[in-house]
Protein chains: 2
Amino acid sequence: MPNTTLKSHHHGNLREALISSGIELLEEGGVTALTLRKCAARAGVSHAAPAHHFEGLQGLIRAITNRGMSMFATAMQDKIDAADNSPFPRLYAMCEGYLSFFIEHQALSNLMFNQKSELMTKSTKGRSTNTAFNILVSTCAPFKHGPLGPQATEYAVWSLIQGFSHLSVMGQISCEPNRLQVNFSDLLSMLNLQVAQ
Amino acid sequence: MPNTTLKSHHHGNLREALISSGIELLEEGGVTALTLRKCAARAGVSHAAPAHHFEGLQGLIRAITNRGMSMFATAMQDKIDAADNSPFPRLYAMCEGYLSFFIEHQALSNLMFNQKSELMTKSTKGRSTNTAFNILVSTCAPFKHGPLGPQATEYAVWSLIQGFSHLSVMGQISCEPNRLQVNFSDLLSMLNLQVAQ
DNA sequence: TTTCTATCTTTACACTGTCAAGTTTGGTCA
DNA sequence: TGACCAAACTTGACAGTGTAAAGATAGAAA
(Lines give C-alpha, C1' and ligand atoms only; values in the text may rest on other atoms or scores of the structure.)
Protein backbone atom coordinates (compact mmCIF):
# COMPACT_ATOMS: atom_id res chain seq x y z
CA MET A 1 0.00 0.00 0.00
CA PRO A 2 1.54 3.28 -1.11
CA ASN A 3 2.09 5.82 1.62
CA THR A 4 2.60 9.27 0.25
CA THR A 5 3.40 10.80 3.61
CA LEU A 6 6.33 8.48 4.20
CA LYS A 7 9.56 10.23 3.29
CA SER A 8 11.08 8.14 0.58
CA HIS A 9 14.04 8.40 -1.69
CA HIS A 10 11.63 7.99 -4.54
CA HIS A 11 9.17 10.77 -5.00
CA GLY A 12 6.55 8.67 -6.72
CA ASN A 13 5.17 11.23 -9.10
CA LEU A 14 7.94 13.73 -9.51
CA ARG A 15 7.40 14.46 -13.18
CA GLU A 16 3.85 15.68 -12.72
CA ALA A 17 4.79 17.46 -9.51
CA LEU A 18 7.52 19.37 -11.32
CA ILE A 19 5.10 20.45 -14.02
CA SER A 20 2.64 21.66 -11.41
CA SER A 21 5.37 23.50 -9.54
CA GLY A 22 6.50 25.09 -12.77
CA ILE A 23 3.02 26.37 -13.54
CA GLU A 24 2.71 27.72 -10.00
CA LEU A 25 6.00 29.58 -10.34
CA LEU A 26 4.87 30.95 -13.70
CA GLU A 27 1.62 32.31 -12.31
CA GLU A 28 3.31 33.75 -9.24
CA GLY A 29 6.35 35.41 -10.72
CA GLY A 30 6.17 35.31 -14.49
CA VAL A 31 8.49 33.58 -16.85
CA THR A 32 11.67 34.73 -15.12
CA ALA A 33 10.57 32.88 -11.98
CA LEU A 34 10.38 29.58 -13.82
CA THR A 35 13.57 27.81 -12.84
CA LEU A 36 14.59 24.18 -12.73
CA ARG A 37 16.07 24.63 -9.29
CA LYS A 38 13.00 26.35 -7.89
CA CYS A 39 10.73 23.68 -9.34
CA ALA A 40 12.89 21.04 -7.70
CA ALA A 41 12.86 22.85 -4.36
CA ARG A 42 9.09 23.26 -4.49
CA ALA A 43 8.68 19.56 -5.24
CA GLY A 44 11.00 18.75 -2.34
CA VAL A 45 13.82 17.20 -4.31
CA SER A 46 17.38 18.18 -5.07
CA HIS A 47 18.18 20.64 -7.80
CA ALA A 48 19.42 18.01 -10.21
CA ALA A 49 16.46 15.66 -9.91
CA PRO A 50 14.48 17.22 -12.80
CA ALA A 51 17.19 16.14 -15.22
CA HIS A 52 15.95 12.56 -14.92
CA HIS A 53 12.46 13.51 -16.11
CA PHE A 54 13.00 16.26 -18.68
CA GLU A 55 15.62 17.13 -21.21
CA GLY A 56 16.78 20.23 -19.40
CA LEU A 57 14.78 23.40 -18.94
CA GLN A 58 13.48 23.28 -22.50
CA GLY A 59 12.06 19.85 -21.81
CA LEU A 60 10.24 21.09 -18.75
CA ILE A 61 8.89 24.01 -20.72
CA ARG A 62 7.62 21.62 -23.38
CA ALA A 63 5.89 19.53 -20.74
CA ILE A 64 4.36 22.63 -19.16
CA THR A 65 3.18 23.71 -22.60
CA ASN A 66 1.44 20.38 -23.12
CA ARG A 67 -0.29 20.60 -19.76
CA GLY A 68 -1.22 24.20 -20.54
CA MET A 69 -2.70 23.28 -23.90
CA SER A 70 -4.89 20.75 -22.17
CA MET A 71 -6.08 23.40 -19.71
CA PHE A 72 -6.59 25.75 -22.63
CA ALA A 73 -8.75 23.30 -24.55
CA THR A 74 -10.79 22.58 -21.44
CA ALA A 75 -11.35 26.28 -20.81
CA MET A 76 -12.68 26.81 -24.31
CA GLN A 77 -14.81 23.66 -24.31
CA ASP A 78 -16.39 24.60 -20.99
CA LYS A 79 -17.47 27.96 -22.36
CA ILE A 80 -18.86 26.32 -25.49
CA ASP A 81 -20.81 23.77 -23.49
CA ALA A 82 -22.37 26.54 -21.42
CA ALA A 83 -23.50 28.43 -24.51
CA ASP A 84 -26.59 28.02 -26.69
CA ASN A 85 -26.18 25.17 -29.11
CA SER A 86 -26.00 27.20 -32.29
CA PRO A 87 -23.06 28.34 -34.40
CA PHE A 88 -22.68 31.99 -33.42
CA PRO A 89 -23.09 31.61 -29.67
CA ARG A 90 -20.66 28.71 -29.74
CA LEU A 91 -18.14 30.73 -31.70
CA TYR A 92 -18.40 33.68 -29.32
CA ALA A 93 -18.11 31.33 -26.37
CA MET A 94 -14.97 29.75 -27.76
CA CYS A 95 -13.36 33.14 -28.24
CA GLU A 96 -14.43 34.15 -24.76
CA GLY A 97 -12.67 31.07 -23.41
CA TYR A 98 -9.62 31.89 -25.51
CA LEU A 99 -9.37 35.44 -24.21
CA SER A 100 -10.19 34.51 -20.62
CA PHE A 101 -7.43 31.93 -20.57
CA PHE A 102 -4.91 34.49 -21.76
CA ILE A 103 -6.00 36.95 -19.10
CA GLU A 104 -6.16 34.43 -16.26
CA HIS A 105 -2.92 32.69 -17.22
CA GLN A 106 -0.81 35.40 -18.74
CA ALA A 107 2.64 33.94 -18.19
CA LEU A 108 1.53 30.43 -19.06
CA SER A 109 -0.23 31.39 -22.28
CA ASN A 110 2.70 33.54 -23.19
CA LEU A 111 5.05 30.62 -22.68
CA MET A 112 2.80 28.28 -24.64
CA PHE A 113 2.38 30.47 -27.68
CA ASN A 114 6.02 31.36 -27.92
CA GLN A 115 6.95 27.76 -28.54
CA LYS A 116 7.71 26.88 -32.13
CA SER A 117 6.78 23.22 -31.80
CA GLU A 118 3.48 21.55 -32.49
CA LEU A 119 1.00 23.33 -30.17
CA MET A 120 -2.42 23.43 -31.73
CA THR A 121 -1.70 22.47 -35.30
CA LYS A 122 -0.20 19.05 -34.83
CA SER A 123 -2.90 17.95 -32.45
CA THR A 124 -5.02 16.88 -35.40
CA LYS A 125 -2.71 13.99 -36.07
CA GLY A 126 -3.38 11.75 -33.13
CA ARG A 127 -7.10 11.93 -33.77
CA SER A 128 -7.37 12.85 -30.13
CA THR A 129 -10.59 14.75 -29.67
CA ASN A 130 -11.09 17.87 -27.61
CA THR A 131 -7.73 19.36 -28.45
CA ALA A 132 -7.60 23.09 -28.91
CA PHE A 133 -7.23 22.91 -32.66
CA ASN A 134 -10.06 20.43 -33.05
CA ILE A 135 -12.29 22.70 -31.01
CA LEU A 136 -11.46 25.58 -33.33
CA VAL A 137 -12.15 23.51 -36.42
CA SER A 138 -15.48 22.12 -35.22
CA THR A 139 -16.65 25.51 -33.97
CA CYS A 140 -15.95 27.09 -37.35
CA ALA A 141 -17.40 24.19 -39.33
CA PRO A 142 -21.08 25.32 -39.36
CA PHE A 143 -20.29 28.51 -41.22
CA LYS A 144 -20.41 29.12 -44.93
CA HIS A 145 -16.94 28.83 -46.43
CA GLY A 146 -15.46 30.64 -49.38
CA PRO A 147 -13.57 29.08 -52.28
CA LEU A 148 -10.62 28.36 -50.01
CA GLY A 149 -12.67 26.07 -47.82
CA PRO A 150 -12.90 25.97 -44.05
CA GLN A 151 -9.24 26.77 -43.52
CA ALA A 152 -9.76 30.43 -44.37
CA THR A 153 -12.52 30.70 -41.79
CA GLU A 154 -10.46 28.92 -39.17
CA TYR A 155 -7.38 31.01 -39.75
CA ALA A 156 -9.34 34.26 -39.79
CA VAL A 157 -11.02 33.50 -36.48
CA TRP A 158 -7.85 32.13 -34.97
CA SER A 159 -5.67 35.06 -36.06
CA LEU A 160 -8.24 37.57 -34.87
CA ILE A 161 -8.73 36.10 -31.40
CA GLN A 162 -5.04 35.28 -31.00
CA GLY A 163 -3.99 38.81 -31.91
CA PHE A 164 -6.69 40.41 -29.80
CA SER A 165 -5.91 38.26 -26.77
CA HIS A 166 -2.20 38.84 -27.08
CA LEU A 167 -2.49 42.59 -27.55
CA SER A 168 -4.99 42.81 -24.71
CA VAL A 169 -2.75 40.99 -22.27
CA MET A 170 0.19 43.12 -23.34
CA GLY A 171 -1.78 46.26 -22.58
CA GLN A 172 -1.74 47.47 -26.17
CA ILE A 173 -5.47 47.35 -26.72
CA SER A 174 -7.45 49.28 -24.15
CA CYS A 175 -10.08 51.89 -23.77
CA GLU A 176 -9.04 55.46 -24.37
CA PRO A 177 -10.72 58.58 -23.01
CA ASN A 178 -12.43 59.98 -26.08
CA ARG A 179 -13.17 56.73 -27.82
CA LEU A 180 -15.63 53.96 -27.28
CA GLN A 181 -14.22 50.75 -25.97
CA VAL A 182 -14.20 47.96 -28.50
CA ASN A 183 -15.07 44.42 -27.43
CA PHE A 184 -13.89 41.38 -29.26
CA SER A 185 -17.45 40.60 -30.30
CA ASP A 186 -17.45 43.86 -32.25
CA LEU A 187 -14.39 42.69 -34.17
CA LEU A 188 -15.70 39.18 -34.69
CA SER A 189 -18.88 40.56 -36.20
CA MET A 190 -16.75 42.38 -38.76
CA LEU A 191 -15.84 39.03 -40.28
CA ASN A 192 -18.25 38.09 -43.01
CA LEU A 193 -19.45 34.92 -41.32
CA GLN A 194 -22.80 33.36 -42.19
CA VAL A 195 -24.27 30.10 -41.04
CA ALA A 196 -24.29 27.61 -43.89
CA GLN A 197 -27.70 26.90 -45.50
CA MET B 1 38.75 66.51 -33.37
CA PRO B 2 37.27 63.19 -32.40
CA ASN B 3 39.23 60.14 -33.44
CA THR B 4 37.16 56.97 -33.32
CA THR B 5 40.06 54.68 -34.14
CA LEU B 6 42.07 55.80 -31.15
CA LYS B 7 41.68 53.33 -28.33
CA SER B 8 40.19 55.33 -25.54
CA HIS B 9 38.84 54.66 -22.14
CA HIS B 10 35.67 56.29 -23.33
CA HIS B 11 33.82 54.42 -25.99
CA GLY B 12 32.10 57.46 -27.39
CA ASN B 13 28.82 55.91 -28.40
CA LEU B 14 28.52 52.88 -26.20
CA ARG B 15 24.81 53.08 -25.63
CA GLU B 16 23.91 52.79 -29.29
CA ALA B 17 26.65 50.21 -29.84
CA LEU B 18 25.19 48.04 -27.08
CA ILE B 19 21.74 48.22 -28.62
CA SER B 20 23.14 47.23 -32.01
CA SER B 21 25.09 44.38 -30.46
CA GLY B 22 21.99 43.22 -28.66
CA ILE B 23 19.98 43.12 -31.87
CA GLU B 24 22.78 41.23 -33.59
CA LEU B 25 22.83 38.65 -30.81
CA LEU B 26 19.06 38.35 -31.00
CA GLU B 27 19.09 37.67 -34.73
CA GLU B 28 21.97 35.23 -34.47
CA GLY B 29 20.98 33.15 -31.50
CA GLY B 30 17.48 34.04 -30.39
CA VAL B 31 16.41 35.53 -27.13
CA THR B 32 18.56 33.22 -25.00
CA ALA B 33 21.67 34.62 -26.69
CA LEU B 34 20.84 38.16 -25.60
CA THR B 35 23.10 38.77 -22.64
CA LEU B 36 24.49 41.88 -21.05
CA ARG B 37 27.94 40.36 -20.91
CA LYS B 38 27.90 39.28 -24.55
CA CYS B 39 26.69 42.71 -25.63
CA ALA B 40 29.52 44.27 -23.68
CA ALA B 41 32.08 41.91 -25.16
CA ARG B 42 30.82 42.57 -28.68
CA ALA B 43 31.05 46.30 -28.08
CA GLY B 44 34.56 45.87 -26.77
CA VAL B 45 33.95 46.96 -23.19
CA SER B 46 33.98 45.23 -19.84
CA HIS B 47 31.04 43.21 -18.62
CA ALA B 48 29.85 45.87 -16.19
CA ALA B 49 29.97 48.80 -18.59
CA PRO B 50 26.33 48.46 -19.74
CA ALA B 51 25.15 49.22 -16.23
CA HIS B 52 26.09 52.87 -16.76
CA HIS B 53 23.76 53.19 -19.76
CA PHE B 54 20.78 50.96 -18.94
CA GLU B 55 18.94 49.92 -15.85
CA GLY B 56 20.05 46.34 -16.02
CA LEU B 57 19.05 43.81 -18.63
CA GLN B 58 15.45 45.01 -18.62
CA GLY B 59 16.65 48.49 -19.48
CA LEU B 60 18.63 47.19 -22.43
CA ILE B 61 15.61 45.21 -23.59
CA ARG B 62 13.48 48.34 -23.42
CA ALA B 63 16.02 50.23 -25.47
CA ILE B 64 16.21 47.41 -28.01
CA THR B 65 12.41 47.43 -28.17
CA ASN B 66 12.39 51.14 -28.95
CA ARG B 67 14.94 50.72 -31.70
CA GLY B 68 12.98 47.75 -33.01
CA MET B 69 9.74 49.72 -33.09
CA SER B 70 11.45 52.34 -35.18
CA MET B 71 12.66 49.69 -37.61
CA PHE B 72 9.19 48.20 -37.60
CA ALA B 73 7.51 51.50 -38.47
CA THR B 74 10.02 52.10 -41.22
CA ALA B 75 9.43 48.65 -42.68
CA MET B 76 5.69 49.26 -42.86
CA GLN B 77 6.01 52.77 -44.22
CA ASP B 78 8.39 51.65 -46.95
CA LYS B 79 5.90 49.07 -48.17
CA ILE B 80 3.10 51.63 -48.09
CA ASP B 81 5.11 54.16 -50.02
CA ALA B 82 5.84 51.58 -52.69
CA ALA B 83 2.16 50.73 -53.12
CA ASP B 84 -0.55 52.39 -55.17
CA ASN B 85 -1.89 55.44 -53.43
CA SER B 86 -5.35 54.15 -52.63
CA PRO B 87 -6.81 52.69 -49.45
CA PHE B 88 -6.81 48.95 -50.15
CA PRO B 89 -3.35 48.68 -51.69
CA ARG B 90 -1.97 50.74 -48.84
CA LEU B 91 -3.67 48.53 -46.27
CA TYR B 92 -2.35 45.37 -47.88
CA ALA B 93 1.10 46.88 -48.11
CA MET B 94 1.10 47.81 -44.43
CA CYS B 95 0.14 44.26 -43.49
CA GLU B 96 2.79 42.89 -45.81
CA GLY B 97 5.36 45.03 -44.02
CA TYR B 98 4.02 43.86 -40.66
CA LEU B 99 4.30 40.18 -41.58
CA SER B 100 7.64 40.57 -43.33
CA PHE B 101 9.14 42.22 -40.29
CA PHE B 102 8.01 39.35 -38.08
CA ILE B 103 9.50 36.80 -40.45
CA GLU B 104 12.76 38.64 -41.03
CA HIS B 105 13.24 39.58 -37.37
CA GLN B 106 11.65 36.74 -35.46
CA ALA B 107 13.49 37.06 -32.18
CA LEU B 108 13.36 40.84 -32.21
CA SER B 109 9.66 41.07 -32.97
CA ASN B 110 9.01 38.43 -30.39
CA LEU B 111 10.91 40.42 -27.80
CA MET B 112 9.16 43.65 -28.76
CA PHE B 113 5.63 42.32 -28.61
CA ASN B 114 6.15 40.52 -25.34
CA GLN B 115 6.80 43.78 -23.55
CA LYS B 116 3.97 45.11 -21.47
CA SER B 117 4.99 48.74 -21.70
CA GLU B 118 3.95 51.34 -24.21
CA LEU B 119 4.92 49.91 -27.60
CA MET B 120 2.52 51.07 -30.25
CA THR B 121 -0.32 52.47 -28.23
CA LYS B 122 1.44 55.20 -26.35
CA SER B 123 3.19 56.51 -29.43
CA THR B 124 0.18 58.68 -30.20
CA LYS B 125 0.99 60.89 -27.26
CA GLY B 126 4.18 62.54 -28.37
CA ARG B 127 2.56 63.57 -31.64
CA SER B 128 5.60 62.06 -33.25
CA THR B 129 4.64 61.08 -36.74
CA ASN B 130 5.57 57.87 -38.55
CA THR B 131 5.30 55.72 -35.46
CA ALA B 132 3.86 52.25 -35.93
CA PHE B 133 0.55 53.08 -34.33
CA ASN B 134 0.10 56.26 -36.30
CA ILE B 135 0.76 54.33 -39.48
CA LEU B 136 -1.94 51.87 -38.54
CA VAL B 137 -4.41 54.63 -37.75
CA SER B 138 -3.81 56.60 -40.93
CA THR B 139 -3.90 53.50 -43.10
CA CYS B 140 -7.27 52.51 -41.65
CA ALA B 141 -8.70 56.01 -41.78
CA PRO B 142 -10.02 55.98 -45.38
CA PHE B 143 -12.41 53.13 -44.68
CA LYS B 144 -16.03 53.35 -43.67
CA HIS B 145 -16.39 52.95 -39.93
CA GLY B 146 -19.23 51.45 -37.97
CA PRO B 147 -20.98 52.97 -34.98
CA LEU B 148 -17.87 52.37 -32.84
CA GLY B 149 -15.78 54.63 -34.99
CA PRO B 150 -12.33 54.05 -36.44
CA GLN B 151 -11.09 52.17 -33.38
CA ALA B 152 -13.02 49.04 -34.33
CA THR B 153 -11.44 49.05 -37.78
CA GLU B 154 -7.98 49.63 -36.37
CA TYR B 155 -8.27 46.92 -33.75
CA ALA B 156 -9.73 44.41 -36.19
CA VAL B 157 -6.93 44.92 -38.69
CA TRP B 158 -4.31 45.03 -35.96
CA SER B 159 -5.53 41.90 -34.20
CA LEU B 160 -5.81 40.02 -37.47
CA ILE B 161 -2.34 40.85 -38.75
CA GLN B 162 -0.75 40.50 -35.31
CA GLY B 163 -2.30 37.08 -34.76
CA PHE B 164 -1.52 35.90 -38.27
CA SER B 165 2.09 37.10 -38.11
CA HIS B 166 2.63 35.59 -34.69
CA LEU B 167 1.08 32.25 -35.56
CA SER B 168 2.97 32.15 -38.86
CA VAL B 169 6.32 32.75 -37.22
CA MET B 170 5.54 30.15 -34.57
CA GLY B 171 4.84 27.59 -37.25
CA GLN B 172 1.21 27.16 -36.29
CA ILE B 173 -0.26 28.42 -39.53
CA SER B 174 1.04 26.63 -42.57
CA CYS B 175 -0.03 24.78 -45.65
CA GLU B 176 -1.26 21.26 -45.17
CA PRO B 177 -1.34 18.51 -47.77
CA ASN B 178 -5.03 18.28 -48.59
CA ARG B 179 -5.90 21.91 -48.08
CA LEU B 180 -5.29 25.06 -50.00
CA GLN B 181 -2.82 27.47 -48.53
CA VAL B 182 -4.37 30.61 -47.15
CA ASN B 183 -2.65 33.95 -47.59
CA PHE B 184 -3.20 36.86 -45.29
CA SER B 185 -4.90 38.79 -48.07
CA ASP B 186 -7.60 36.12 -48.08
CA LEU B 187 -8.24 36.76 -44.41
CA LEU B 188 -8.10 40.52 -44.73
CA SER B 189 -10.71 40.41 -47.45
CA MET B 190 -13.02 38.62 -45.02
CA LEU B 191 -13.23 41.83 -43.00
CA ASN B 192 -16.16 43.94 -44.11
CA LEU B 193 -14.05 46.90 -45.14
CA GLN B 194 -15.32 49.47 -47.66
CA VAL B 195 -13.75 52.71 -48.73
CA ALA B 196 -15.71 55.63 -47.31
CA GLN B 197 -17.90 57.56 -49.74
C1' DT C 1 19.56 -13.16 -0.06
C1' DT C 2 21.80 -10.95 -3.84
C1' DT C 3 21.70 -8.15 -7.70
C1' DC C 4 20.08 -4.68 -10.60
C1' DT C 5 18.06 -0.52 -12.27
C1' DA C 6 15.49 3.57 -11.92
C1' DT C 7 15.51 7.46 -8.93
C1' DC C 8 17.47 10.89 -6.46
C1' DT C 9 21.74 13.35 -4.23
C1' DT C 10 26.16 15.44 -4.11
C1' DT C 11 29.67 17.90 -6.16
C1' DA C 12 31.54 20.72 -9.53
C1' DC C 13 31.82 24.12 -13.33
C1' DA C 14 30.86 27.73 -16.56
C1' DC C 15 27.83 31.45 -17.30
C1' DT C 16 24.66 35.08 -15.90
C1' DG C 17 23.01 39.75 -13.62
C1' DT C 18 24.28 42.89 -10.28
C1' DC C 19 26.72 45.38 -6.85
C1' DA C 20 30.79 47.92 -4.78
C1' DA C 21 35.05 49.91 -5.24
C1' DG C 22 38.81 51.43 -7.99
C1' DT C 23 40.78 53.64 -12.36
C1' DT C 24 40.97 56.44 -16.36
C1' DT C 25 39.56 60.25 -19.19
C1' DG C 26 38.16 64.66 -20.90
C1' DG C 27 36.74 68.83 -19.75
C1' DT C 28 36.05 72.79 -16.39
C1' DC C 29 37.26 76.26 -13.36
C1' DA C 30 40.33 78.98 -10.32
C1' DT D 1 48.56 76.45 -16.51
C1' DG D 2 47.27 73.21 -13.13
C1' DA D 3 44.14 71.28 -9.82
C1' DC D 4 39.91 69.25 -9.69
C1' DC D 5 35.83 66.73 -10.88
C1' DA D 6 32.29 64.09 -12.85
C1' DA D 7 31.33 60.82 -16.29
C1' DA D 8 32.82 56.53 -18.32
C1' DC D 9 34.76 52.36 -17.83
C1' DT D 10 37.30 48.36 -15.23
C1' DT D 11 38.09 45.04 -11.68
C1' DG D 12 36.60 41.91 -8.37
C1' DA D 13 33.16 39.58 -5.99
C1' DC D 14 28.74 37.16 -5.04
C1' DA D 15 24.42 34.69 -5.42
C1' DG D 16 21.64 32.15 -8.93
C1' DT D 17 21.27 29.51 -12.91
C1' DG D 18 21.63 25.16 -16.19
C1' DT D 19 24.10 21.12 -16.76
C1' DA D 20 27.17 17.26 -16.40
C1' DA D 21 29.48 13.43 -13.75
C1' DA D 22 29.71 10.44 -10.10
C1' DG D 23 27.82 8.53 -5.91
C1' DA D 24 23.94 6.84 -2.85
C1' DT D 25 19.42 4.76 -2.08
C1' DA D 26 15.42 2.02 -2.53
C1' DG D 27 12.32 -1.05 -4.57
C1' DA D 28 11.83 -4.91 -7.44
C1' DA D 29 13.61 -8.98 -9.61
C1' DA D 30 16.40 -13.10 -9.66
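No hydrogens, no waters, no symmetry mates; every other heavy atom, side chains included, goes into these values. Throughout, protein chains are lettered first and strands after them, A, B, ... in sequence-line order, and every chain is numbered starting at 1.
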Under a 4.0 Å N-O cut-off, is there an ion pair linking B:Glu28 with B:Arg42?
yes

Closest heavy-atom contact between A:Lys79 and A:Glu96?
NZ-OE2, 3.3 Å

Which of residues 45-60 of chain A sit near DNA chain C, with a heavy atom under 4.0 Å from it?
A:Val45, A:Ser46, A:His47, A:Ala48, A:Ala49, A:His52, A:His53

Just by distance, do the side chain of B:His166 and the backbone of A:Phe113 share a donor-acceptor pair under 3.5 Å?
yes

Check: A:Phe184 ring centre within less than 6.0 Å of A:Tyr98 ring centre
no

What is the minimum heavy-atom distance between A:Ala43 and A:Leu14, and which atoms define it?
CB-CD1, 3.9 Å

Can you pull out the residues from residues 23-41 of chain B that lie within a 4.0 Å heavy-atom distance of DNA chain D?
B:Arg37

Determine whether more than 12 heavy atoms belonging to other residues, nucleotides or ligands lie under 6.0 Å from atom CD of B:Glu55.
no

Tightest non-hydrogen contact, residues A:Leu188 and A:Cys95, listed as CD2-SG, 4.1 Å

Can B:Asn110 and B:Gln106 be counted as having a side-chain donor-acceptor contact under 3.5 angstrom?
no

To the nearest angstrom, the CZ-P distance between A:Arg42 and D:dT17 comes to 12 Å

Among B:Leu111, B:Leu26, B:Val31, exactly one meets side chain to side chain contact (heavy atoms under 4.5 Å, CB included) together with B:Ile61. Which residue is that?
B:Leu111

Residue that, paired with B:Thr139, satisfies side chain to side chain contact (heavy atoms under 4.5 Å, CB included) out of B:Asn134, B:Val157, B:Ile80, B:Thr153:
B:Ile80

If you fit an axis to the five pairs at each end of the helix from C:dT1-D:dA30 to C:dA30-D:dT1, how big is the angle between those two axes, to 10 degrees?
10°

